[in-house]
Amino acid sequence: MMYEFARIEKKWQDVWEARGTYAAKDGGNKPKYYVLIEFPYPSGEGLHVGHPRPYTAMDIVARKRRMQGYNVLFPMGFDAFGLPTENYAIKNKIHPADVTQKNISRFTRQLKMLGYSFDWARAVDTTDPDYYRWTQWIFLRMFEKGLAYKASIPVNWCTSCKCVLANEEVVGGVCERCGSEVVRREKSQWMLKITDYAQRLLDDLDGLDYIERVKAQQRNWIGRSTGAEVVFATTAGDELRVFTTRPDTLFGATYMVVAPEHELIKERADTLANGAQVRDYCESASKKSDFERTELAHEKTGVRLDGLDAVNPATGGRIPIFISDYVLATYGTGAIMAVPGHDGRDWEFAKKFGLPIVEVVSGGDVEKEAYTDCDSGVMVNSGFLNGLSVEAAKVSITKWLAEKGLGEYKVNYKLRDWVFSRQRYWGEPIPIVHCEACGYVAIPESELPVVLPKVENYETTDTGESPLASMEDWVNTTCPKCGGHARRETDTMPQWAGSSWYFLRYADPHNADALASDAALRRWTPVDWYNGGMEHTTLHLLYSRFWHKFLYDLGVVPTPEPYLKRTSHGFILAEDGQKMSKSRGNVINPSDTIAEFGADTLRLYIMFIGDFEKTAQWSARAVKGCKRFLDRVWNLAEERLDGDPDIYSPAHEKAVHRAIKKIGADIETMKFNTAIATLMALVNDFYETPPSRGDIRALATLLSPFAPHIAEELWEIQGFEGLACEQVWPDYDEAKTLDDDVEIAVQVGGKLKSAVSMPRGSGEDAVLAAALADGKIARLAEGKTVARVIYVKDKLINLIIRDTA
RNA sequence: GCCGGUGUGAUGAAAUCGGUAGACAUAGUGGACUCAAAAUCCACCGGUGGCAACACCGUGCCGGUUCGAGUCCGGCCACCGGCACCA
């Protein structure tokens, strides 16, 4: 009989669905285990081969945990708000909600074809009003606590999406999504104060089992640095505050620089001798895109503020103030003290503008380049700091500043608040109205959800307003506070809103009274193991940690962190080594592979392709190898064998015990490729010596997390009890993994020369005797002295041989 | 520049602790089966020299530690990912 994968796969998918095999059970006393993968954005293109890599990996983990006796929650859902759907809808004149429904059903169908053990009854859809009601609810709690606020700030404006972007969405100066130019625009935006949580987001990483590169990237992104805030007085009586990580170099501050957006300019421009020139500079800086300002503008430019100087609080000397775009308005105070002797950028600027460079840390040559080392070097030209180390000087000057009321110890972060408004239609409405009398007012909880109205025209406008703004009947409303006239907020939330808490909803997906019940959250959260893409490390992963901490502070969730363990998969490249894309025509559709070889083959191949964490290249030829393996498995067991299903054959007992050990360990460390290699090697053994019924039982059990359909079919053919996927994960006996006789390598002078077979556990004397009895070794040792013997039990013996003196 | 990672056959890759480098697979070569092909099964498969036994070389490069280094240490080089005028 042929291995009819299409029939078999459909058959078992139907059985599992009918029996509710993979439902997470809210009762019972098994320990829980929550396995999570990032839910997909249901794009119009359907499933891509990139999707099954993380899904199959975590399906294997979920299946193994069930076999290990856990009550497993392994859910799936759809992150369905977002621009591609909206753009597709505009182009094809279909409502985004209809597009979304169509895409979700296609994704669901494709995912079911892969035989994943999701609990489909818990599926969530972020665009469902019953879902986004709670997204809005969380936003309102943040608004109450002052964490959601409106501010007019320079934002990143994507010229193609006609929409603002979060800092995290701007990559290399262009829009992360469409690659178009991003420019600065001053706009009033809803913001979320993620910066209030910066320190906790940083500190709590220490206790988490995240892969190191994820932790490192989040730490970098949060960007904590310590130093001091120092107050400089200006000759006009202003206080000019700066942040510095090197307060020790204060005596070397020979000028100051403020960002073009700094308040001081607005206040003082009129009083300056060169006010017009300063304003021109500001204007041209504001017109530059982020790209021009950061990537191209390494040549320093700037203008001195004529007639306004500052006083260095340490030296008492007058120093000039400049305006330059190398100082960022959004970091620190938007102003710096410039120490050209010990900062590369300040040094460059000082050289260009002919400003004095003072050495305050000895050890370099400040005329040649800035000396930035702070580990070695001694303070000079620095009054009371002279002779101190840099570290001691930092402490001393900070104390001095605090005593004089001129400054204090200060921590700064690169992390900025999260720009939370989008001028688009297909997102969650922000549940706020603006009342002329009361200002911004929250929609009462009883009126949630604020449902996204059906509009005729959801195209974007160049004015930077959401398509909702033109819906007069919807926009005009009454103020919940005073009953007067009010206008609804017409911006919507970014795509990252719904995904910031979706894993909580899986615990209790149909709850109408809360985002999830307290009991359900206590039962299922936190997530035990979360796998997702590296591209979400500073977006979704950081955002959802922030939301979760906020919910923890409110007492809504029981733990301060949402995910205990985080792993990440590599991308799948096309066969030509390029990224898969429609335009290149090199996209592999999983459905085609399933049709040709079956879901089990695809699952196996995508896991066998290479190191799970690394980028891998698709190979159609290698897919066939996995199909060949399953054919070989099929041939072994397609007819019912006789014999005891619980006893391994003497010929294979050792190999089976080893396979159980190896495969179990490999799943835990995500070395799926070597786990599959172990299965292949076991089957190769079975071709050399026919397996018993018990051996086949072990094979089907071990294979079942990887290739669940064929495992189930063989299970049935062999007449074993129950389902393969419901078996207990087998134990191995360490003693039975070991050989009675071992091959011991014999080295002479560290070089492999021979090998001897010895009983396991043999002592050095016996092995040495056997080694010397070996013809080749005897020849090498003839007439010489064995000066030293290194023996590694059961592995190797190394003889150091010298000429007899 | 900073942070993280990688470098091994023709190819994808293996190698818990420093202990027989190349498991498993793809491609290839030879054979069996077949009228033939495909499929399947069996064997070989890092390089050089040799009829062979065997010898020498071999994990990006240079050096070190060690009886012994793909693995540890120091110094380079190349590539990939992230951040970047962050004071």
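Throughout, protein chains are lettered first and strands after them, A, B, ... in sequence-line order, and every chain is numbered starting at 1. Computed from a prediction, not measured in an experiment: that's the story for all the values here.
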Engineer: Applying a 3.5 Å limit to both distances, which nucleotide forms a Watson-Crick or G-U wobble pair with B:G1?
Structural biologist: B:C83
Engineer: Do A:Phe353 and A:Tyr255 have ring centres separated by under 6.0 Å?
Structural biologist: no
Engineer: Identify the nucleotide, in any strand shown, that forms a Watson-Crick or G-U wobble pair with B:U40, with both distances under 3.5 Å; if there is none, say none.
Structural biologist: B:A32
Engineer: For A:Val258, run the side-chain contact (heavy atoms from CB on, under 4.5 Å) check against A:Thr333, A:Ile265, A:Val327 and tell me which one passes.
Structural biologist: A:Ile265
Engineer: If we call it a pair only when both distances are under 3.5 Å in a Watson-Crick or G-U wobble match, what pairs with B:G12?
Structural biologist: B:C24
Engineer: Is it true that A:Arg224 and A:Asp203 make a salt bridge, defined as a side-chain N closer than 4.0 Å to a carboxylate O?
Structural biologist: no
Engineer: Could you check B:G9 for me: syn (within 90° of 0) or anti?
Structural biologist: syn
Engineer: Which whole number of Å gives the distance between the P atom of B:A55 and that of B:C62?
Structural biologist: 25 Å
Engineer: Among B:A14, B:C67, B:C24, find the nucleotide with the atom closest to the side chain of A:Ile790.
Structural biologist: B:C67
Engineer: How about A:Tyr326 and A:Phe349: are their ring centroids closer than 6.0 Å?
Structural biologist: yes
Engineer: Suppose you measure atom P in B:A14 against the same atom in B:G9; what distance do you get, rounded to whole Å?
Structural biologist: 13 Å
Engineer: Any donor-acceptor pair, under 3.5 Å, between the side chain of A:Gln217 and the base of B:G81, if you only look at N and O atoms?
Structural biologist: no
Engineer: Distance check: side-chain N/O of A:Lys671 vs OP1/OP2 of B:A23, anything under 4.0 Å?
Structural biologist: no
